[in-house]
Amino acid sequence: MRTAVHYQVQDHVALLAIDNPPVNALSAAVRQGLLAAVRAAQADDTVHAVLITGLGKAFIAGADIREFGLPPQAPSLPDVCDAIEACRKPVVAAIHGPAHGGGLEVAMSAHYRVATSSAKLGLPEVQLGLLPGAGGTQRAPRLIGAQAALDLMLSGRQIGAPEALRMGLIDHIATSDDIQLEGLAYVRHLLSEGAPVRRTCEQTQAMADRAVQQAAINAARADAAKRRGLFSPLKIVDCVQAALDLPFAEGLRTERALFQQCLESPQRAGLIHAFFAEREVLKAPETRSAKPRAIQQVGVIGGGTMGAGIAVAMLDAGLQVILIERDEAALAQGRTRVEKVYDGQVAKSRLTPQGKAGILARLSTSTDYAALAQADLVIEAVFEDMAVKHAVFAQLDRYCKPGAVLATNTSYLDVNAIASSISRPQEVIGLHFFSPAHIMKLLEIVVPAKVSPDVVATAFELARRLKKVPVRAGVCDGFIGNRILATYRTAADHLLEDGASPYEIDQMVRAFGFPIGPYEMSDLAGGDIGWATRKRRAATRDPRARYVHIADRLCEQGWFGQKSGRGWYRYAEGSRTGTPDPEVMAIVEAERTKAGVQPRSFTTEDLQRRYLAAMINEGAKVIEEGIALRPLDVDVTLVHGYGFPRHRGGPMKYADQVGLAQILADIRTFAQTDPLFWKPSALLITLVEAGRDFDSLNQLETPHA
Ligand code: 3H9
């Protein structure tokens with residue numbers, strides 16, 4: 001078996017080097033190795049001090065997340081940390097790269113800490129639905145005080161070595177990046193000074209002023225209570241209260257009990273699923289089989305909201321951008337939109353005027369497609385109309401150099417049809433950004449039939465440079481996200497006509513954990529956008545499908561949402577928060593009567609079951625058709641593009657937690673009144689019959705096969 005912790009003694013110093021690539025997670029083997037090494041150092045009279053380091057790119061990234069939910073294996077991390085702290089010889093942790101979660105807890109159990117200037121320290125457990133469970137909630141306040149400890153644990157943010165030094169989390173910053181050498185030099189320095197064993201559990205100074213600590217805890221409790229629906233933040237605060245009130249050993253027992261509660265919570269399962277899913281989506285087949293093309297210069301066609309947002313995203317990634325518009329006036333507007341984003345950053349002191357000028361120096365504009373001759377990638381973000389798209393692509397075909405990647409930002413049009421309209425379909429791909437494009441994390445990479453694999457690999461590499469979360473999608477109306485959205489939005493409209501108010505539906509969606517409900521969203525985006533789409537699709541709509549006219553009636557009144565002062569809600573002048581509108585309800589009631597619907601009341605649970613069943617059923621169809629590679633791709637899409645609460649993992653993960661048999665039974669019940677809308681997915685039926693869940697498909701590349 002491979003050694004997870006190397007041990008050697010050099011000039012009276014026991015050197016413990018953790019070797020568990022890629023990030024030195026604290027697996028059972030590492031914990032065993034650390035404990036054995038500390039005991040060996042303790043027992044060896046020739047050893048005067050102990051140095052703990054990590055090999056490779058990290059000190060320690062934390063507990064091994066893959067072990068959560070599995071039967072525990074001894075020794076536990078708290079026991080390892082206690083043994084390190086109890087050592088009767090000075091123990092030094094020498095940190096480079098990430099020291100996260102359990103990794104920082106190991107370091108805090110050591111008696112001294114040195115870090116390279118590029119080290120990153122943090123307690124990100126909260127992002128996994130957990131709390132630092134190896135003594136971190138008790139040791140961090142004793143080292144740096146309650147306020148700083150709560151800030152680290154509740155935000156989960158990473159801090160650099162200078163900040164860690166200022167707050168007292170580390171003792172020294174190394175002058176070079178050679179952590180083995182620097183660590184050893186620091187140990188020698190401590191020994192020469194006669195530095196004693198200094199146990200964190202015995203430190204009292206940082207928490208000396210009880211009133212100050214209590215005030216910090218109270219403030220954090222009030223903040224944590226506002227983080228709607230999240231379980232672990234308040235438990236973290238409880239642990240710090242215990243650190244203030246109780247002796248160390250009792251505080252550890254409190255931490256242990258609360259950690260266990262977090263570990264068993266569905267939120268932990270949801271967040272850890274999201275963590276791995278966000279990494280799995282990066283591994284599309286083409287990223288393994290093909291090499292990305294080099295991208296330096298990017299053309300963006302269209303300077304509207306979307307095009308300008310895309311241009312900003314590209315500029316932020318350090319790329320050269322050429323913005324193309326049809327005339328000088330549109331070009332000026334596009335440039336202004338881009339500049340406005342940077343003006344906002346300057347106003348908030350996030351950017352200097354010189355910084356802004358430096359960024360804008362990489363932006364050029366033109367009304368002539370010939371300016372794109374040297375572009376490595378062109379993204380069109382023009383009006384959603386096939387004829388307009390064909391015209392743009394014909395120009396790109398004419399002017400772009402061979403090998404240029406030609407992308408469309410369409411949100412639902414047929415990318416195969418766009419590709420086959422030009423002489424080089426192998427270069428055409430869909431890059432579906434979400435508005436505002438420089439902020440929203442999701443990037444759907446839409447893969448048409450004839451595209452070359454290296455173009456797909458290039459799109460994934462671009463996403464990495466833009467710091468986006470890419471999801472590979474197949475071609476269909478709406479791809480993964482908008483297709484599923486269209487279905488659950490329709491389910492909401494059915495509920496509306498059947499008796500629920502738009503306000504109840506929005507409230508239910510928020511209560512589930514979305515930041516915003518579907519009707520508030522429509523008011524924010526502008527009701528006219530959906531109206532135009534509905535009109536365009538009217539001719540191809542299945543005549544048997546139930547159609548709810550309420551939204552159209554609102555639009556006919558000119559009630560488009562926030563921009564017109566009223567939509568589903570009424571907005572006072574300048575306000576972005578709406579109030580329910582009795583006149584909207586009058587329209588709703590009139591439409592119910594017209595449709596012959598006898599309105600009924602729904603509980604929040606009734607509403608949630610239908611809304612989510614519609615989402616899950618369409619998600620299953622998207623997987624079954626191969627539009628999404630795996631269930632986790634649907635999860636990542638909904639979490640990063642549509643506000644699905646990350647702590648629930650995504651709709652397919654949520655379905656697994658509810659149980660697929662239950663979801664299918666619900667769908668079959670709803671189908672009794674509307675069999676066309678509620679047709680169950682064949683994949684869902686197959687999984688239920690086989691007693692399997694969606695997660696069982698996540699390991700496979702083509703799970704539907
Ligand atoms: C904890 O510590 C609880 C304790 O308080 C209490 C215990 C009792 N475990 O992100 P990357 C994998 S909770 C297992 O692409 P980067 C990752 O899946 C933990 N695996 O690299 C990926 O695998 P693959 C608190 C892990 O350089 C590979 O390593 N710690 C873990 O962009 C490379 O990862 C955290 O929450 C892990 N802990 O970023 C830190 N971490 O190649 C979580 C990573 O198969 N980790 N992997 O896809 C991170 O934030 C980033 O990975 C890190 C490196 C910044 C470290």
Side-chain angles (χ1 to χ4, degrees), residues 4 18 20-31 34-35 54 56-70 72-82 84 95-109 118-140 149 152-160 232 235-236 239 252-253 255-265 267-269 271-284 287-288 460 463-465 467 469-470 632 636 646 698-699:
I18 301 166
N20 185 27
V23 290
N24 292 331
L26 292 155
S27 62
V30 173
R31 298 195 303 274
L34 271 176
L35 189 61
K57 66 176 185 177
F59 174 64
I60 305 169
D64 189 336
I65 299 172
R66 289 174 208 274
E67 287 183 1
F68 293 137
L70 302 177
Q73 284 186 65
S76 72
L77 190 57
D79 287 347
V80 173
C81 288
D82 292 350
I84 293 170
I95 300 166
H96 77 297
H100 291 172
L104 185 52
E105 291 179 292
V106 166
M108 290 192 291
S109 308
S118 57
K120 293 276 180 241
L121 299 87
L123 293 167
E125 285 88 344
V126 70
Q127 290 163 2
L128 302 173
L130 291 169
L131 51 84
T137 65
Q138 305 304 297
R139 290 191 178 95
L152 281 188
M153 292 189 279
L154 291 173
S155 69
R157 74 190 174 97
Q158 300 178 12
I159 59 170
S232 75
K235 306 289 165 204
I236 290 173
C239 286
L252 280 186
R253 276 197 289 279
E255 178 192 91
R256 199 69 213 141
L258 296 181
F259 179 79
Q260 199 57 34
Q261 286 182 16
C262 293
L263 200 58
E264 285 159 13
S265 78
Q267 294 193 0
R268 188 275 305 160
L271 286 165
I272 287 183
H273 171 77
F275 176 89
F276 285 118
E278 284 152 10
R279 283 158 179 78
E280 281 308 308
V281 290
L282 308 174
K283 301 172 191 163
T287 60
R288 286 185 219 137
F460 275 87
R464 192 191 64 74
R465 286 173 77 176
K467 300 197 177 79
V469 179
L632 64 84
V636 172
R646 190 168 177 272
N698 278 332
Q699 316 312 322

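In listed order, ligands and their atoms are each counted from 1.
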Between [X] and ligand 1, which residue portion shows a heavy-atom distance shorter than 4.0 Å: side chain, backbone, both, or neither?
X	answer
A25	side chain
K120	neither
V23	side chain
E105	side chain

- Closer than 4.0 Å: a protein non-hydrogen atom to atom 27 (O) of ligand 1: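 Under the 4.0 Å cut-off, atom 27 (O) of ligand 1 does have protein heavy-atom neighbours.
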- Item | Protein contact for atom 53 (C) of ligand 1 (heavy atom, distance under 4.0 Å) |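 So atom 53 (C) of ligand 1 lacks protein heavy-atom neighbours under 4.0 Å.
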- Query: Just going by heavy-atom distances, which of G62, G101, A61 is nearest to atom 30 (N) of ligand 1?
  - Reply: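 Result: the heavy atom closest to atom 30 (N) of ligand 1 is in A61.
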- Message: Just to be sure I'm reading this right: ignoring hydrogens, which of F275, F259, F59, F276 gets closest to atom 46 (N) of ligand 1? Compare them by their nearest heavy atoms.
- Response: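 Result: the heavy atom closest to atom 46 (N) of ligand 1 is in F275.
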- Which residue owns the protein heavy atom closest to atom 14 (C) of ligand 1, what's the atom, and how far is it?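 Of the protein heavy atoms, D64 OD1, 3.3 Å lies nearest.
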- Charged N to carboxylate O under 4.0 angstrom, E255 versus K235?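 Result for this pair is no, no salt bridge flagged.
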- Query: Do R256 and D79 meet the salt-bridge criterion of a basic N to acidic O distance under 4.0 Å?
  - Reply: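 Answer for the salt bridge query: no.
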- Measure from NZ or CZ of R464 to the centre of the six-membered ring of F460, then state whether that distance is under 6.0 Å and the direction lies within 45° of the axis.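 Not flagged: R464 not positioned over aromatic ring of F460.
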Only distances under 3.5 Å count here; give the side-chain donor-acceptor pairs of residues 118-130 to other protein atoms, sequence neighbours excluded, each with its distance to 0.1 Å.
from	atom 1	to	atom 2	distance (Å)
Q127	NE2	S155	O	3.4

- Examine ligand 1 and decide if any of its atoms is less than 4.0 Å from a heavy atom belonging to P22.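 Contact check P22 vs ligand 1: positive.
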- Message: Show the atoms of ligand 1 that are less than 4.0 angstrom away from any heavy atom in G102.
- Response: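 Going through ligand 1 atom by atom, the ones under 4.0 Å from G102 are 1 (C), 2 (O), 4 (C), 5 (O).
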- Item | Donor-acceptor contact below 3.5 Å, side chain R157 vs main chain L152 |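 Checking the backbone N and O of L152 against the side chain of R157, no donor-acceptor pair under 3.5 Å is found.
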- Would you find a donor on one side and an acceptor on the other, under 3.5 Å apart, between the side chain of N698 and the backbone of L632?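 Yes, N698 side chain to L632 backbone: donor-acceptor pair under 3.5 Å.
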